[in-house]
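Here the structure is a predicted model, which means the values were calculated and not measured. Naming: A, B, ... by sequence-line order, numbering from 1 per chain.
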Amino acid sequence: AQSVTQPDIHITVSEGASLELRCNYSYGATPYLFWYVQSPGQGLQLLLKYFSGDTLVQGIKGFEAEFKRSQSSFNLRKPSVHWSDAAEYFCAVGGRYGGSQGNLIFGKGTKLSVKP
Amino acid sequence: NAGVTQTPKFRVLKTGQSMTLLCAQDMNHEYMYWYRQDPGMGLRLIHYSVGEGTTAKGEVPDGYNVSRLKKQNFLLGLESAAPSQTSVYFCASSYDSPAGEAFFGQGTRLTVV
């Protein structure tokens, strides 16, 4: 069965500091991996996605993520955080096989706070 | 371009009442989803659809029904609302699954008293 674990419920970083949000997944075949961001009172917006090719993917707003198959991880990074990055971040996994097509599963989210 | 539109945005129900949440997308997407979001639980998939006339159960389908009679619309029904269904409901759609980006609506905040 597909599952996503985001170990950190809440992270606080200083503005200008680097950021890494962790995501571990479980899926039997090649996963499709996503990071979404949710600002307060809003829906979710896609930051980036991975399903093949280069394991380091670039997204919007200066975010990147690295797929590590051996560690079943897809961590999100940003070299320098801005106050506007304060939001909740969700990792998600999807698949095409084993009846999983159409079933996009989300982690529980990591809330990011940014200190001035 | 409206994207994904959810109706209504807010609703208060009494226990035992029924209601239907409407999701409409204008992007000609095949795949549509209903999620609920609860504090500390992330988004949990209720039901989804891989095309017009199809529906499938997600992670937490009990107490909900769905219909996809038209490609652009995905309805979520609560036949007999319970306080445990108090949540924020999000609809999403994508042109492909899972490779396609899922576009989300703004959410419906439902309170069952």
Would [X] and [Y] show up in the same hydrophobic cluster when neighbours are defined by side-chain heavy atoms closer than 4.5 Å?
X	Y	result
A:Ile11	A:Val114	yes
B:Val50	B:Leu45	yes
A:Leu76	A:Ile60	yes
B:Tyr64	B:Leu22	no
B:Val60	B:Leu76	yes

(request) Mark yes or no for whether B:Tyr35, through its side chain, and A:Phe106, through its backbone, hold a donor-acceptor pair below 3.5 Å. (result)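 No, because the side chain of B:Tyr35 does not come within donor-acceptor range (under 3.5 Å) of the backbone of A:Phe106.
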
(message) Report, in residue-number order, which members of residues 82-91 of chain B are under 4.5 Å from chain A by heavy-atom distance.
(response)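 The residues closer than 4.5 Å to chain A, in numerical order, are B:Phe90.
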
(request) Measure B:Gln37 against the heavy atoms of chain A and call it side chain, backbone, both or neither at under 4.5 Å. (result)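 For B:Gln37, the contact with chain A is made by the side chain alone.
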
(message) Please classify the contact between B:Ala56 and chain A as side chain, backbone, both or neither, with a heavy-atom cut-off of under 4.5 Å.
(response)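 For B:Ala56, there is no contact with chain A at all, as no heavy atom is under 4.5 Å.
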
(request) Report the residues that fulfil side-chain hydrogen bond (donor to acceptor under 3.5 Å, both in side chains) with A:Gln6, sequence neighbours left out, ordered by chain and then residue number. (result)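 Testing A:Gln6 for side-chain hydrogen bond (donor to acceptor under 3.5 Å, both in side chains), a comparison that skips the adjacent residues, returns A:Thr110.
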
(message) Please identify, among B:Glu30, B:Arg109, B:Glu59, B:Met41, the residue contributing the most non-hydrogen atom pairs under 4.5 Å to chain A.
(response)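 Among B:Glu30, B:Arg109, B:Glu59, B:Met41, the one with the most close pairs to chain A is B:Met41.
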
(message) Can you confirm whether more than 12 heavy atoms, excluding those of A:Lys111, are under 6.0 Å from its NZ atom?
(response)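 Incorrect, the count does not exceed 12.
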
(message) Sort by residue number and list every residue of residues 39-46 of chain A having at least one heavy atom under 4.5 Å from chain B.
(response)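 From residues 39-46 of chain A, the residues near chain B are A:Gly41, A:Gln42, A:Gly43, A:Leu44, A:Leu46.
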
(message) What residues of residues 16-23 of chain A make heavy-atom contacts with chain B at a cutoff under 4.5 angstrom?
(response)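 Contacts with chain B: none.
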
